[in-house]
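A, B, ... follow the sequence lines: proteins, then strands. Residue 1 opens every chain. Because only heavy atoms are used, hydrogens play no part in the values below, and waters and symmetry mates are left out as well, while side chains stay in.
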Amino acid sequence: MKTKTTPSAKPRKKSTPAKAAPAVESSAPEVLGATQANGEPSAGVGARLRYVRELHGLSQRELARRAGLNHGTIGCIEKETISPSVGSLRKILDSLPMMLSEFFSLDPDIETQVFFRRDELLDVGAGGISLLQVGRNLTGRPLQILLERYAPGAETAAQPYSHEGEEGGVVIQGQVEVTVGGVAKVLGAGDGYLFSSRLPHRFRNVGDDEAVVVSANTPPL
DNA sequence: TAATGTCTGTTCCGCTAACG
DNA sequence: CGTTAGCGGAACAGACATTA
């Protein structure tokens, strides 16, 4: 259909930028396929890239310009006719900006989901604490909503910890000792809290029954 | 008409097998 | 073990097709 009228007479680069980036290269072929490291099927790199690009309102050419790649390469990646090297993908994501881990945690099918059934909540908790997150992927979102369940005696950490952000919530059931900035308070059903996450804080179920808290965190932990 | 996406042909690089 | 040729694939430039 389309014929290339003149063979490329321009001198080509001795090495492509992607392959010249030593920080991300290894001797083994390092390309990115359509499955995650854990082997689970996932949206392909192409679908993810298209999703992220459109999320940022960029055309293939604009994204290519920012990343220092050819627009045809972006198109091929999105159509999954090629698997980008880690170097190339990194350049693309750096131009957005986005981390590789964020990119591969994206699920374009879920990102647009508005309503979540109970069994669709993602449990991000551990150690006697169930933290059911609304939405499986919060990339690009400033807010995290959790349904927290604490087994009797369960605590978020042995020592209070701090981090950037704000958090607040309401105790639905049970007795939860909330320690913020060295001040401890036992909250019961209907009680709430709101504080800067920069203050050292800790949660502990001091009751005999399971404690339930609905909380909001920004940014997501 | 400009912007955008797709396609084709070419070049270069890395891997692998064959060979000395 | 080192070298070399062949092969596959990433990335490129540029042209064509589509759409607003």
Side-chain angles (χ1 to χ4, degrees), chain A residues 1-117 120-122 124 133-145 164-165 218-221:
Chain A
M1 175 171 68
K2 297 154 197 159
T3 58
K4 182 153 177 90
T5 54
T6 54
S8 176
K10 293 188 177 181
R12 294 181 52 77
K13 295 177 184 177
K14 281 297 179 183
S15 64
T16 62
K19 292 181 179 179
V24 295
E25 293 302 300
S26 67
S27 58
E30 199 166 14
V31 295
L32 301 160
T35 55
Q36 295 177 311
N38 60 10
E40 291 181 358
S42 66
V45 170
R48 291 172 186 274
L49 180 58
R50 184 180 296 273
Y51 172 77
V52 170
R53 178 176 61 78
E54 291 176 347
L55 203 63
H56 286 76
L58 300 174
S59 66
Q60 289 182 347
R61 287 171 196 259
E62 176 60 20
L63 178 59
R65 187 190 64 75
R66 293 188 184 192
L69 296 174
N70 185 272
H71 70 273
T73 300
I74 301 296
C76 287
I77 293 171
E78 291 188 354
K79 290 185 66 181
E80 298 184 359
T81 56
I82 63 173
S83 297
S85 65
V86 173
S88 294
L89 186 59
R90 202 167 196 177
K91 289 169 70 175
I92 293 169
L93 298 182
D94 283 348
S95 70
L96 290 174
M98 175 181 282
M99 295 174 64
L100 279 169
S101 57
E102 292 177 315
F103 180 75
F104 282 106
S105 68
L106 278 175
D107 190 333
D109 295 331
I110 289 176
E111 281 301 299
T112 56
Q113 188 172 352
V114 176
F115 305 107
F116 300 85
R117 294 292 181 189
E120 292 178 313
L121 303 185
L122 179 64
V124 297
Q133 176 180 284
V134 180
R136 302 186 70 83
N137 188 328
L138 302 181
T139 300
R141 295 185 185 276
L143 179 65
Q144 178 187 43
I145 298 174
E164 287 297 314
T218 178
L221 298 176

Asker: Give the rounded distance in Å between these two atoms: CG of A:Asn70 and C1' of B:dG5.
Answerer: 12 Å
Asker: Between C1' on B:dA3 and NE2 on A:His71, what's the gap in Å once rounded to a whole number?
Answerer: 11 Å
Asker: Would you mind classifying the nucleic acid contact of A:Gly72 as base, sugar-phosphate or nothing, using non-hydrogen atoms under 4.0 angstrom?
Answerer: base
Asker: Distance from A:Ile74 atom CD1 to A:Ile92 atom CD1, nearest 0.5 Å?
Answerer: 3.5 Å
Asker: Can you identify which nucleotide, out of C:dA11, C:dA13, C:dA15, has its nearest atom closest to the A:Thr73 side chain?
Answerer: C:dA11
Asker: Starting at CD1 of A:Ile74 and ending at P of C:dA11, how long is that distance when rounded to a whole Å?
Answerer: 9 Å
Asker: To the nearest angstrom, how far is A:Gln60 atom CD from C:dT18 atom P?
Answerer: 16 Å
Asker: To the nearest Å, give me how far apart CD (A:Glu78) and P (C:dA11) are.
Answerer: 14 Å
Asker: Rounded to the Å, how far apart are A:Lys91 NZ and C:dC12 C1'?
Answerer: 12 Å
Asker: From CD1 of A:Ile77 over to C1' of C:dC12, roughly how many Å is that when rounded to an integer?
Answerer: 12 Å
Asker: Would you mind telling me which of C:dA11, B:dT6, B:dG5 lies closest to the side-chain atoms of A:Arg61?
Answerer: B:dG5
Asker: If you measure from OG1 on A:Thr73 to NZ on A:Lys91, what distance do you get to the nearest 0.5 Å?
Answerer: 9.5 Å
Asker: Distance check, rounded to the nearest 0.5 Å: A:Leu69 atom CG versus A:Gln60 atom CD?
Answerer: 12.0 Å
Asker: Check A:Pro84 against A:Ile77 and note the closest heavy-atom contact, atom names and distance.
Answerer: CB-CD1, 3.6 Å
Asker: What integer distance in Å separates A:Leu69:CG from C:dA13:C1'?
Answerer: 14 Å
